[in-house]
Amino acid sequence: VFSSALSSGINAEYGAFLGFLTYQLSKTAKTPDSGETEMEGFMENALGELAVEFDQDFDGLLTKNELAEWFYTVDIRDKARELQQIWDGCELDGDGQISRAEYSAFISPLQDASFERHTERRFLAADTDGNHLLNQEEFVQFLFPELSEHMAVTLLEEELADRDRDGDGSLTLPEYLGLSNA
């Protein structure tokens with residue numbers, strides 16, 4: 001159900017994943033005098049298993065595009081599963097939408113004041129039709145705002161609120177760096 005709503009935002013994560021994987025593989029590359037590292041053995045086994053499943057041209061090697069397709073498939077599946085579990089826990093009245101009260105009742109044991117502010121800000125920003133209810137597409141934007149371009153301002157506002165220790169609406173260098181004495 002949630003896969004289509006997730007797919008547009010996941011594409012942006014490809015580059016980061018491929019960069020990380022390339023870095024991990026380069027850290028563990030064999031040198032003539034070093035032999036095989038533990039990480040390299042793990043990566044070879046893991047990639048070998050992936051190659052069987054995602055090697056689209058059956059050449060025994062995974063290209064960046066094949067790895068990206070794997071990442072895309074796994075990430076969407078996992079996020080869709082997580083979203084479905086949360087949706088099922090929140091959407092109790094069967095109307096196909098989640099109200100702020102339904103979400104708060106589901107998550108209330110985990111909330112503190114800062115979380116509550118972020119939740120309210122995100123809920124309002126994700127409610128693109130302004131009906132004070134989130135449909136499934138809006139719920140994806142609410143829970144994974146980093147996947148939605150229009151939620152970027154909300155994420156920046158959250159970051160500012162979290163770091164602005166003196167409450168002046170701007171960040172000093174120590175606040176930006178997260179230094180505790182700011």
*Asks:* Tell me, do L83 and Q136 make a side-chain contact under 4.5 Å, heavy atoms counted?
*Replies:*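 A side-chain contact under 4.5 Å is absent here.
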*Asks:* Taking all atoms of both residues into account, what is the closest heavy-atom pair of F144 and K79, and its distance?
*Replies:*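 For F144 and K79, the tightest heavy-atom pair comes out as CE2-CE, 3.6 Å.
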*Asks:* Can you tell if the side chain of I98 reaches within under 4.5 Å of the side chain of C90, non-hydrogen atoms only?
*Replies:*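 With C-beta onward as the side chain, the pair touches.
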*Asks:* Check whether any side-chain N or O of H150 sits under 3.5 Å from a backbone N or O of Q141 as a donor-acceptor pair, and report yes or no.
*Replies:*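 Between the backbone of Q141 and the side chain of H150 there is no qualifying donor-acceptor contact (under 3.5 Å).
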*Asks:* Can you list the residues that meet the side-chain hydrogen bond (donor to acceptor under 3.5 Å, both in side chains) rule with E82, with sequence neighbours excluded?
*Replies:*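 With sequence neighbours excluded, E82 shows a side-chain hydrogen bond (donor to acceptor under 3.5 Å, both in side chains) to no residue whatsoever.
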*Asks:* Please identify each residue that fulfils side-chain hydrogen bond (donor to acceptor under 3.5 Å, both in side chains) with D162, with sequence neighbours left out.
*Replies:*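 side-chain hydrogen bond (donor to acceptor under 3.5 Å, both in side chains) list for D162, sorted by chain: H118.
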*Asks:* Checking the side chain of D127 only, and the main-chain atoms of L134 only, is there a donor and an acceptor separated by less than 3.5 Å?
*Replies:*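 Pair absent, no side-chain N/O of D127 close to backbone of L134.
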*Asks:* Which residues satisfy the salt bridge (charged side-chain N to carboxylate O under 4.0 Å, His left out) test with D78, sequence neighbours excluded?
*Replies:*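 With sequence neighbours excluded, D78 shows a salt bridge (charged side-chain N to carboxylate O under 4.0 Å, His left out) to R81, given in chain and number order.
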*Asks:* Can L173 be reached from L160 by stepping across I, L, V, M, F, W or Y side chains whose heavy atoms are under 4.5 Å apart?
*Replies:*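 Yes, same cluster.
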*Asks:* Going by distance alone, is a donor N or O of one side chain under 3.5 Å from an acceptor N or O of the other, for Q56 and N65?
*Replies:*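 Side chains of Q56 and N65: no pair found under 3.5 Å.
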*Asks:* Filter on salt bridge (Lys or Arg N to Asp or Glu O under 4.0 Å), then keep only pairs touching residues 86-97, sequence neighbours left out; what's left?
*Replies:*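 Listed once each, the pairs would be none.
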*Asks:* Can you list the residues that meet the side-chain contact (heavy atoms from CB on, under 4.5 Å) rule with E120, with sequence neighbours excluded?
*Replies:*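 Only R100, L124 meet the side-chain contact (heavy atoms from CB on, under 4.5 Å) criterion with E120.
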*Asks:* Say whether, by atom type as modelled, one donor and one acceptor occur between the side chain of D164 and the main chain of L171 under 3.5 angstrom.
*Replies:*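 No: the side chain of D164 does not pair with the backbone of L171.
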*Asks:* Are R122 and E158 close enough that some pair of their side-chain heavy atoms sits under 4.5 Å apart?
*Replies:*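 SC-SC contact between R122 and E158 confirmed.
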*Asks:* Write down the atom of A126, the atom of E138, and the distance for their closest heavy-atom approach.
*Replies:*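 A126 and E138 have their closest heavy atoms at O-CG, 3.2 Å.
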*Asks:* Within a strict 4.5 Å, meaning less than it, do heavy atoms of the F139 and L133 side chains meet?
*Replies:*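 Result no, sub-4.5 Å side-chain heavy-atom pair not found.
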*Asks:* Where the side chain of E175 meets the backbone of R165, is there a donor-acceptor pair that is under 3.5 Å apart?
*Replies:*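 Yes; at least one donor-acceptor contact below 3.5 Å.
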*Asks:* In terms of hydrophobic clusters joined by side-chain contacts under 4.5 Å, are M151 and V140 together?
*Replies:*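 No, M151 does not connect to V140 through the hydrophobic network.
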*Asks:* Do I86 and L143 have side-chain heavy atoms sitting under 4.5 Å apart?
*Replies:*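 Yes. Closest side-chain heavy atoms under 4.5 Å.
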*Asks:* Check salt bridge (charged side-chain N to carboxylate O under 4.0 Å, His left out) between E159 and all other residues, then give those that pass, not counting sequence neighbours.
*Replies:*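 E159: salt bridge (charged side-chain N to carboxylate O under 4.0 Å, His left out) contacts with R163.
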*Asks:* Can you see which heavy atom on E137 is nearest to which on N135, and at what distance?
*Replies:*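 Here E137 and N135 meet closest at N-OD1, 3.1 Å.
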*Asks:* With ring centroids as reference points, do F123 and F142 lie under 6.0 angstrom apart?
*Replies:*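 Aromatic pair counts; centres sit under 6.0 Å.
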